[in-house]
Amino acid sequence: MSIQPVDVLYTAVATAENGRDGKVASDDGQLEVVVNPPKEMGGSGAGTNPEQLFAAGYSACFQGALGVVARKENADVSGSTVTAEVGIGKTPEGGFGLKVAIRASIPNLDEATAKALVEKAHQVCPYSNATRGNIEVTLSV
């Protein structure tokens with residue numbers, strides 16, 4: 001898979017101090033959070049962690065993509081939610097990897113229509129495009 005050219009409309013900038021056990025802040029001051037490893041990984045769990053931040057970003061982005069495809073299809077996705085579950089674990093090669101489960105709840109649509117919209121949103125979402133072929137992403141409604 002080759003990298004596609006992108007006409008950049010916005011660039012987010014964030015800086016981390018002390019990696020997984022420190023803080024992360026955006027250059028505009030809108031985001032500043034303490035990050036700590038989760039207890040399951042031997043950390044204090046006192047702050048957020050990169051996987052939670054990734055899940056938050058992915059779910060928001062996917063919800064936006066769902067809205068884009070719904071408008072094109074004239075489908076009602078009002079009241080819908082998107083949940084992203086981001087898991088981290090060891091790979092067979094000895095490193096670490098991620099896997100993601102995206103779950104959409106679209107109360108105003110039948111299951112077949114909802115599934116079709118979610119599949120289309122997965123083709124539009126920048127997070128989905130960035131992860132495609134790199135990590136396992138499952139979709140459900």
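Numbers here simply count residues along the sequence, with the first being 1.
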Answer yes if [X] and [Y] sit in the same cluster of Ile, Leu, Val, Met, Phe, Trp and Tyr residues linked by side chain heavy atoms under 4.5 Å apart, and no otherwise.
| X | Y | value |
| --- | --- | --- |
| F54 | V24 | no |
| L117 | L139 | yes |
| V35 | L98 | no |

Evaluate the side-chain proximity of [Y] to [X]: yes if any heavy-atom separation is below 4.5 Å, no if none is.
| X | Y | value |
| --- | --- | --- |
| P50 | R20 | yes |
| F96 | T91 | no |
| T83 | F62 | no |
| I135 | V100 | yes |
| M41 | I88 | yes |
| K120 | E73 | yes |
| V77 | N108 | no |
| P37 | D21 | yes |

Could you measure the distance from the [atom1] atom of [X] to the [atom2] atom of [Y]? Nearest 0.5 Å is fine.
| X | Y | atom1 | atom2 | result |
| --- | --- | --- | --- | --- |
| K39 | N49 | NZ | CG | 13.0 Å |
| D76 | T113 | CG | OG1 | 11.5 Å |
| C125 | Y58 | SG | OH | 5.5 Å |

Exercise: identify the closest heavy-atom pair between [X] and [Y]:
| X | Y | result |
| --- | --- | --- |
| V124 | N129 | O-ND2, 3.6 Å |
| G47 | N36 | N-OD1, 2.9 Å |
| C61 | P126 | SG-CD, 3.3 Å |
| S59 | A56 | OG-O, 3.1 Å |
| H122 | R132 | O-NH2, 2.5 Å |
| L66 | S80 | CD2-OG, 4.1 Å |

(request) Please name all residues satisfying side chain to side chain donor-acceptor pair (under 3.5 Å) with D28, sequence neighbours left out, ordered by chain then number. (result)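 Partners of D28 under the side chain to side chain donor-acceptor pair (under 3.5 Å) test: S26.
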(request) Could you pull out all residues at least two apart from E136 that satisfy side chain to side chain contact (heavy atoms under 4.5 Å, CB included)? (result)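 Once residues adjacent in sequence are excluded, the partners of E136 under the side chain to side chain contact (heavy atoms under 4.5 Å, CB included) criterion are K99, T138.
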(message) Salt bridge or not between K115 and E111? Use side-chain N to carboxylate O under 4.0 Å.
(response)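 The answer is yes: the pair qualifies as a salt bridge.
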(request) Any chance you could lay out the side-chain hydrogen bond (donor to acceptor under 3.5 Å, both in side chains) test for N134 and T131, step after step, and finish with the verdict? (result) CA-CA 5 Å; N134 298 312; T131 59; over 6 Å; no
